Amino acid sequence: MKKIVIVGGGAGGLQLATRLGHYFSFSPFLKRRRNSPAAQITLVDRNRTHIWKPLLHQVATGALDSSLDALNYQVHARANGFNFQLGSLQKLDRRRRVIELAPVADDEGRQLVPPRELEYDYLVLCIGSQSNDFHTPGVREHCVFLDSSEQAQRFHRLLLDRFLQLETHIADKVQVAIVGGGATGVELSAELVDASLQMGNYGHIKRNSLEVTLIEAGPHLLPALPPRLGNNAERELGKLGVRVLTGCAVAEATADGLITRDGEKIPASIRVWAAGVKAPDFLARLDGLATNKLNQIEVKADLQSTSDSHIFAIGDCAGCVDIAAQRVPPRAQAAQQMAGVAEYNLIAIIEGRPLRDFRYRDRGSLVSLSKHTAVGNLMGTLVKGSLTIEGRIAGLAYRSLYRMHLAAVHGWPKAMLIYLVGQANRFVKPRLKMH
């Protein structure tokens with residue numbers, strides 16, 4: 001029996017584990033059996049639950065309750081024919097085809113599970129990415145990141161603490177500075193405005209008590225989209241009261257604000273860094289695997305590592321130039337598309353068939369401005385090129401992306417049921433998580 005180990009339960013890794021689990025599973029829960037060589041699928045993640053990463057800005061503001069919307073890996077694995085191991089990748093031994101997982105500790109640092117090894121015949125790395133601070137002084141010490149659910153929850157606690165100071169008149173305003181005018185920065189800015197309005201419904205907080213500053217080093221917001229959409233997003237944020245600074249680079253972060261290269265001090269009690277991404281640093285030291293300057297594992301068009309044909313990489317941690325010679329961007333849709341090709345190729349290897357090369361198809365980008373509006377473009381054969389959309393239609397299209405992610409993991413019937421339950425919870429519970 002071949003052993004396939006998938007490290008990372010993000011959008012791509014979870015989808016891959018689920019589909020391979022269905023294909024090779026002999027689980028009585030799935031009530032079917034494939035006439036193909038058996039393979040054991042194991043998913044490894046350092047968290048017990050999964051939250052779709054594009055929703056982390058909603059977790060940060062309290063618009064989304066992660067305890068309700070998170071997927072439990074252990075339960076999902078049991079229902080879909082694969083195994084789950086809680087842990088973080090610590091070492092790789094390519095000669096022995098073994099990975100070592102770091103110890104698991106409790107909240108007080110006591111070891112619960114010692115380091116352990118997992119053997120593999122084929123290893124798939126889907127570890128994702130983290131914010132790139134570009135070695136800017138003070139960022140790691142004084143800024144909040146939104147790379148994980150834990151970091152988003154930390155931001156939420158900080159925000160509630162600042163709102164408490166407003167309620168008790170210890171402070172007269174909350175100042176939040178966000179560095180990075182990409183999707184995360186823009187969406188977080190709009191969600192913060194909505195959060196302050198919701199807090200006003202439950203307490204005595206005025207709308208002008210929250211000051212949000214969004215800082216972008218480039219000439220316009222949303223640099224991955226056409227300039228007109230970035231300018232429109234800036235205009236909409238301005239209507240909401242967000243101060244937008246474009247063409248402004250941050251030189252240093254301090255305990256009470258940010259300092260720009262022009263020497264301007266931007267005061268902020270909460271500082272968020274959302275400018276640029278890179279793969280985790282430890283990938284560059286992983287038993288000689290070839291990586292690029294962003295620590296991404298270099299892969300061929302079939303998604304196999306250029307250093308080892310028994311190792312695949314997909315998603316943000318993969319440095320991939322596809323069959324059309326285009327560099328694949330670190331986006332959720334790219335990870336999901338890669339998962340489909342990795343699934344095909346792993347099955348093909350085990351069944352002795354030729355591999356398929358990956359071709360990235362840009363379906364467009366959508367950016368939410370909270371419940372107010374959305375901007376973006378759709379691309380592909382459906383619209384025969386690129387279609388720019390804004391407003392309510394864009395908002396509807398944006399909300400459909402999460403339902404498509406649920407469908408990729410659960411199938412459409414269960415995905416729609418989960419969506420309906422979520423809508424019911426939002427009807428009976430407060431619009432904002434207050435704890």
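Everything quoted here is computed from the prediction, not taken from an experiment.
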Tell me whether the count of non-hydrogen atoms from other residues, nucleotides or ligands lying under 6.0 Å of CZ in Arg140 goes above 12. yes

Any donor and acceptor pair, going by atom type alone, linking the side chain of Gln326 with main-chain N or O of Tyr360 inside 3.5 Å? yes

Is the side chain of Tyr23 donor-acceptor paired with the backbone N or O of Ile347 at a distance under 3.5 Å, no angle test? no

Does Ile270 offer a backbone N or O that forms a donor-acceptor pair with the side chain of Arg162 under 3.5 Å? no

Answer with yes or no whether the side chains of Arg228 and Asn231 bring together a donor and an acceptor at under 3.5 Å. no

Can you run down the salt bridge (charged side-chain N to carboxylate O under 4.0 Å, His left out) pairs that involve residues 407-418, sequence neighbours left out, and say none if there aren't any? none

Could you tell me whether the side chain of Glu216 and the main chain of Gly218 form a donor-acceptor pair under 3.5 Å? yes

Atom of Val341, atom of Phe358 and distance for their closest heavy-atom approach: CG2-CD1, 3.6 Å

Any donor-acceptor pair under 3.5 Å linking the side chain of Trp273 with the backbone of Gly180? no

With a cut-off of 6.0 Å (strictly less than), are more than 12 heavy atoms of other residues, nucleotides or ligands near CZ of Arg46? no

Main-chain N/O of His142 paired with Arg271 side-chain donor or acceptor, under 3.5 Å: yes

Side chain to side chain contact (heavy atoms under 4.5 Å, CB included) partners for Thr18, two or more places apart: Leu14, His22, His76, Asn80, Phe82, Val409

Going by the ring pair (Phe, Tyr, Trp, His ring centres under 6.0 Å) test, which pairs reach into residues 283-321, not counting sequence neighbours? Tyr122-His310

Quick one: does Glu236's side chain have a donor or acceptor within less than 3.5 Å of a partner on Leu369's backbone? no

Answer yes or no: is there an ion pair linking Asp362 with Arg331, defined by an N-O contact shorter than 4.0 Å? yes

Between Asn345 (side chain) and Asp302 (backbone), is there a donor-acceptor pair under 3.5 Å? yes

Donor-acceptor contact present, side-chain Gln15 to main-chain Gln336, <3.5 Å: yes

Check the surroundings of atom NZ in Lys2: do more than 12 heavy atoms from other residues, nucleotides or ligands lie under 6.0 Å from it? no

Tell me, please, which residues at least two apart from Glu119 pass side chain to side chain contact (heavy atoms under 4.5 Å, CB included). Lys3, Val98

Considering residues at least two apart in sequence or located in another chain, which fulfil the side chain to side chain contact (heavy atoms under 4.5 Å, CB included) criterion with Arg154? Val144, Arg157, Leu158

According to side chain to side chain contact (heavy atoms under 4.5 Å, CB included), who are the partners of Asn83, at least two apart in sequence or on a separate chain? Gln40, Thr42

Tell me whether Arg359 at atom CZ has more than 12 heavy atoms from other residues, nucleotides or ligands lying less than 6.0 Å away. no

